[in-house]
Engineer: 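Provided herewith is a single structure, encoded as structure tokens, for subsequent inquiry.
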Amino acid sequence: MIRGIRHTAAFSFLLLAALLVNAVRVQVFEADRYTGNPANRRAAIARYAQPRGAVLVGGRPVTGVRDSGGRLRYERTYTDGPLYAPVTGFASQTYGTSLLEGTEDAVLAGTDDRLVTFPWWDRLIRRRPPGGRVETTVDPAMQRAAFHGLAGRKGAVAAVEPRTGRVLALVSSPSYDPGELSGNGQSVTGAWRRLNEAADRPMLNRALRQTYPPGSTFKVVTAAAALDSGLVKDLDAPLDVPDPYTLPDTRTRLGNPTAGCEHVGLREAFRLSCNTVFARLGVGVGLRGMAGTAERFGFNDPGLRLPSPVARSTFDTRMDPAQLALSSIGQYDTAATPLQMAMVAAAVADDGQLTPPYLVERVTDAHGALVAPGAREPTRQVMNPATAQQLQELMTEVVEHGSGRTVAIDGFTVGGKTGTAQHGVRNEGTPYAWFIAWVRDRQSHEPVAAVAVVVEDAEAERADISGGGSAGPIARAVLTAGLR
């Protein structure tokens with residue numbers, strides 16, 4: 001009898017041990033798999049059981065929440081949704097998150113361990129802190145100026161503060177209201193389908209995720225390479241470049257959109273935006289020199305983040321001399337995001353120093369206590385300070401005496417460069433209009449802001465497209481808003 005009781009007790013102990021081992025396996029080693037299983041609704045219900053934290057612009061929330069009364073209770077709302085969509089992205093119970101809503105999701109949802117003092121204790125008692133807050137660097141006045149300047153036309157604007165790298169404006173047009181994707185009803189499904197099938201692609205973040213041929217704005221990079229390499233020592237010395245210029249090893253003759261480009265110096269070639277001169281300079285610098293200069297500015301960098309990822313701007317490192325000539329005037333395979341070209345302008349304005357851009361100023365808890373500052377990268381020197389000062393001089397003359405007159409601002413020094421980028425089969429597409437610019441205080445010489453504007457505008461007549469005419473007024477409006 002006693003022996004039977006012992007056997008039963010031993011067997012019961014083994015069963016209990018097996019149960020405990022299995023519980024540990026499920027709750028510790030398999031927890032993430034069960035939590036992430038689409039069939040597990042508990043995680044989603046818990047996620048939306050409390051209000052989501054806010055994204056702030058200029059110290060004010062541009063996001064909010066509404067109580068739906070459903071199982072996935074709190075849904076995201078947006079103030080001026082289309083205006084700030086390229087910054088916030090969307091947060092949807094059905095389609096997940098994007099941009100800041102995605103990269104800062106743990107903070108906003110209240111699941112980030114940094115929001116509590118003892119994370120293990122909160123996990124043990126299953127308590128989730130209120131969602132934190134994400135404060136952005138965006139200047140609301142500059143953001144509105146860019147949005148209203150594009151006025152629904154296809155294009156984008158990116159503006160940065162040269163000394164710090166703070167992103168001051170980030171606009172993509174046409175835009176969309178991310179609030180349409182909040183919730184999980186039929187209307188959300190319909191909005192998702194409509195937005196993704198729209199011909200003008202409103203959900204594409206053209207400021208960060210779309211690359212364009214930069215056209216003549218890339219001549220700033222080519223000029224930097226020519227000056228840094230010593231190929232050009234005097235801005236006014238005549239250069240031995242004919243008009244037209246025959247591309248190396250070909251019979252293709254490259255011309256100019258304006259007269260007066262034959263055998264001119266770099267100063268006049270920059271003001272007139274002479275294709276022949278900059279194509280020849282690119283060949284003279286060589287592929288290695290041109291690629292090195294472009295990469296110092298940020299081209300070919302796949303790791304740029306704001307913290308959401310930015311599309312890689314490209315300068316080909318395997319080209320023949322004819323292709324190099326075209327790439328040096330911002331054509332062939334050269335492609336850049338508007339943010340990248342804003343970085344080019346910022347580096348010129350800051351005496352050749354480039355501070356990588358960032359969008360998150362700080363992260364706080366729900367009560368405003370600092371959780372973490374925004375991620376910042378160190379400043380790097382991308383060209384000689386003397387070269388940057390010469391480029392400042394060239395870009396200032398474009399605004400004072402050239403095609404950039406529309407960007408001049410009384411009382412401030414403004415430098416700029418227009419660009420008209422060809423694209424499409426045999427370059428028959430309507431050219432993209434570019435303008436990059438910076439503004440400096442005349443007293444302190446402090447660079448205040450740098451901006452890049454690109455306008456696609458497929459409805460415009462080809463003859464009406466120009467960087468100065470289409471994109472220049474937008475750049476001026478954005479810079480002026482920042483000065484206020």
Engineer: Would you call the rings of Phe218 and Phe315 parallel, tilted or perpendicular, where under 30° means parallel and over 60° means perpendicular?
Structural biologist: parallel
Engineer: Of all heavy-atom pairs between Ala311 and Thr337, which one has the smallest distance, and what is that distance?
Structural biologist: O-CG2, 3.6 Å
Engineer: Go through it in stages, so that I can follow the logic: the residues are Thr314 and Thr334, the test is side chain to side chain contact (heavy atoms under 4.5 Å, CB included), and I'd like the CA-CA distance, side-chain angles, deciding distance and then a yes or no.
Structural biologist: CA-CA 6 Å; Thr314 57; Thr334 305; over 6 Å; no
Engineer: Just by distance, do the side chain of Arg442 and the backbone of Phe412 share a donor-acceptor pair under 3.5 Å?
Structural biologist: yes
Engineer: Using modelled atom types only, decide if a donor and an acceptor are shared between the side chain of Glu135 and the backbone of Val57 within a distance under 3.5 Å.
Structural biologist: no
Engineer: Are Val107 and Val371 side-chain neighbours, meaning at least one heavy-atom pair lies under 4.5 Å?
Structural biologist: no
Engineer: Does Thr136 reach the main-chain N or O of Val360 with its side chain, forming a donor-acceptor pair under 3.5 Å?
Structural biologist: no
Engineer: Would you call Asp301 and Arg296 a salt bridge, using N to O less than 4.0 angstrom?
Structural biologist: no
Engineer: Does Ser273 form a side chain to side chain contact (heavy atoms under 4.5 Å, CB included) with Lys219? I'd like the steps, not just the answer.
Structural biologist: CA-CA 8 Å; Ser273 199; Lys219 292 171 183 174; 2.9 Å; yes
Engineer: Does any non-hydrogen side-chain atom of Val65 lie less than 4.5 Å from one of Arg76?
Structural biologist: yes
Engineer: Could you list the donor-acceptor pairs under 3.5 angstrom formed between side-chain atoms of residues 78-92 and any protein atom two or more places apart in sequence or on another chain?
Structural biologist:
residue, atom, partner, partner atom, Å
Tyr78, OH, Ala91, N, 2.9
Tyr78, OH, Glu101, OE2, 2.8
Asp80, OD2, Arg144, NH2, 2.7
Thr88, OG1, Tyr84, O, 3.3
Ser92, OG, Thr94, N, 3.1
Ser92, OG, Tyr95, N, 3.0
Ser92, OG, Leu181, O, 2.6

Engineer: With no hydrogens and no angle check, is any side-chain donor or acceptor of Thr420 less than 3.5 Å from a backbone partner on Pro431?
Structural biologist: no
Engineer: What is the distance from atom NZ of Lys154 to atom OH of Tyr432, rounded to the nearest 0.5 Å?
Structural biologist: 8.5 Å
Engineer: Hey, does the side chain of Gln381 reach the backbone of Met383 with a donor-acceptor pair shorter than 3.5 angstrom?
Structural biologist: yes
Engineer: Hey, does the side chain of Thr137 reach the backbone of Arg166 with a donor-acceptor pair shorter than 3.5 angstrom?
Structural biologist: no
Engineer: For Asp365, is there an ion pair with Arg133 - N to carboxylate O distance below 4.0 angstrom?
Structural biologist: no
Engineer: Nearest 0.5 Å, what's the CD1-OG1 distance between Ile436 and Thr217?
Structural biologist: 5.0 Å
Engineer: Under 4.5 Å between any side-chain heavy atoms of Gln353 and Val382, yes or no?
Structural biologist: no
Engineer: Where do Pro213 and Gln331 come nearest, in terms of heavy atoms and distance?
Structural biologist: CB-NE2, 4.3 Å
Engineer: Charged N to carboxylate O under 4.0 angstrom, Glu456 versus Arg153?
Structural biologist: no
Engineer: Using side-chain heavy atoms (C-beta onward) and a distance below 4.5 Å, is Val134 in contact with Leu56?
Structural biologist: no
Engineer: Going from OG on Ser175 to CG on Asn205, what distance comes out if it is rounded to the nearest 0.5 angstrom?
Structural biologist: 8.5 Å
Engineer: Apply the test side chain to side chain contact (heavy atoms under 4.5 Å, CB included) to residues Gln210 and Leu204: give CA-CA distance (whole Å), side-chain angles for both, the deciding distance (0.1 Å), then the verdict.
Structural biologist: CA-CA 8 Å; Gln210 180 67 38; Leu204 172 64; 3.2 Å; yes
Engineer: Would you call Glu180-Arg194 a salt bridge at under 4.0 Å N-O?
Structural biologist: yes
Engineer: In Å, rounded to the nearest 0.5 Å, how long is the span from CG of Leu99 to CD of Glu104?
Structural biologist: 11.5 Å
Engineer: So that I can tick it off, tell me whether Glu397 and Arg271 are bridged by a salt bridge, with the cut-off set at under 4.0 angstrom between side-chain N and carboxylate O.
Structural biologist: no
Engineer: When you measure from the side chain of Asp350 to the backbone N and O of Ala346, does any donor-acceptor pair fall under 3.5 Å?
Structural biologist: no
Engineer: Is Leu354 close to Thr379 at the side-chain level, that is, under 4.5 Å between some pair of heavy atoms?
Structural biologist: no
Engineer: Please determine if Lys417 forms a cation-pi arrangement with Phe270, meaning its NZ or CZ atom is less than 6.0 Å from the six-membered ring centre and no more than 45° off the ring axis.
Structural biologist: yes
Engineer: Sequence neighbours left out, what passes ring-ring contact (aromatic ring centres under 6.0 Å, His included) with Phe297? Give chain and number order.
Structural biologist: none
Engineer: Are side-chain N/O atoms of Ser403 and Thr418 paired as donor and acceptor at under 3.5 Å?
Structural biologist: yes
Engineer: What's the verdict on side-chain hydrogen bond (donor to acceptor under 3.5 Å, both in side chains) for Tyr332 and Gln323, showing C-alpha distance, side-chain angles and the deciding distance?
Structural biologist: CA-CA 7 Å; Tyr332 185 57; Gln323 293 165 340; 3.0 Å; yes
Engineer: Is Val167 close to Leu306 at the side-chain level, that is, under 4.5 Å between some pair of heavy atoms?
Structural biologist: yes
Engineer: Sorted by first residue and then second, give each ring pair (Phe, Tyr, Trp, His ring centres under 6.0 Å) pair with at least one member in residues 151-173; sequence neighbours left out.
Structural biologist: none
Engineer: Measure the CZ-CG distance between Arg267 and Leu394 for me, rounded to the nearest 0.5 Å.
Structural biologist: 6.5 Å
Engineer: Do the charged groups of Glu446 and Arg163 touch, with an N to O distance under 4.0 Å?
Structural biologist: yes
Engineer: Check whether the side chains of Glu161 and Thr164 place a donor and an acceptor atom closer than 3.5 Å, and report yes or no.
Structural biologist: yes
Engineer: Quick one: closest heavy-atom pair of Leu108 and Gly132, and the distance?
Structural biologist: CD2-O, 3.7 Å
Engineer: Grab the two heavy atoms, one from Met290 and one from Ala225, that are nearest each other, plus how far apart they are.
Structural biologist: SD-CB, 3.7 Å
Engineer: Within the side chain of Arg405, is there an N or O that forms a donor-acceptor pair under 3.5 Å with the backbone of Gly402?
Structural biologist: yes
Engineer: Quick one: does Gln340's side chain have a donor or acceptor within less than 3.5 Å of a partner on Ala335's backbone?
Structural biologist: no
Engineer: So, for Ala342 and Ala450, which heavy atoms are closest and what is the spacing to 0.1 Å?
Structural biologist: O-CB, 3.9 Å
Engineer: Less than 4.0 angstrom from a charged side-chain N to a carboxylate O is my criterion; do Glu361 and Arg376 meet it?
Structural biologist: yes
Engineer: Would you confirm whether Thr77, through its side chain, and Arg66, through its main-chain N or O, come within 3.5 Å as a donor-acceptor pair?
Structural biologist: no
Engineer: Evaluate the side chain to side chain contact (heavy atoms under 4.5 Å, CB included) criterion for residues Tyr245 and Arg253: first the C-alpha distance (whole Å), next the side-chain angles of each, then the deciding distance (0.1 Å), finally the verdict.
Structural biologist: CA-CA 5 Å; Tyr245 166 64; Arg253 305 177 79 187; over 6 Å; no
Engineer: Any side-chain heavy atom of Arg318 within less than 4.5 Å of one from Leu287?
Structural biologist: no
Engineer: Starting at OG of Ser182, measure out to CD of Glu75 and round the result to the nearest 0.5 Å.
Structural biologist: 6.5 Å
Engineer: Indicate the atoms forming the closest heavy-atom contact of Gly255 with Asn275, along with that distance.
Structural biologist: O-CB, 3.5 Å
Engineer: Quick one, Pro447 and Trp438 - any side-chain contact, counting heavy atoms below 4.5 Å?
Structural biologist: no
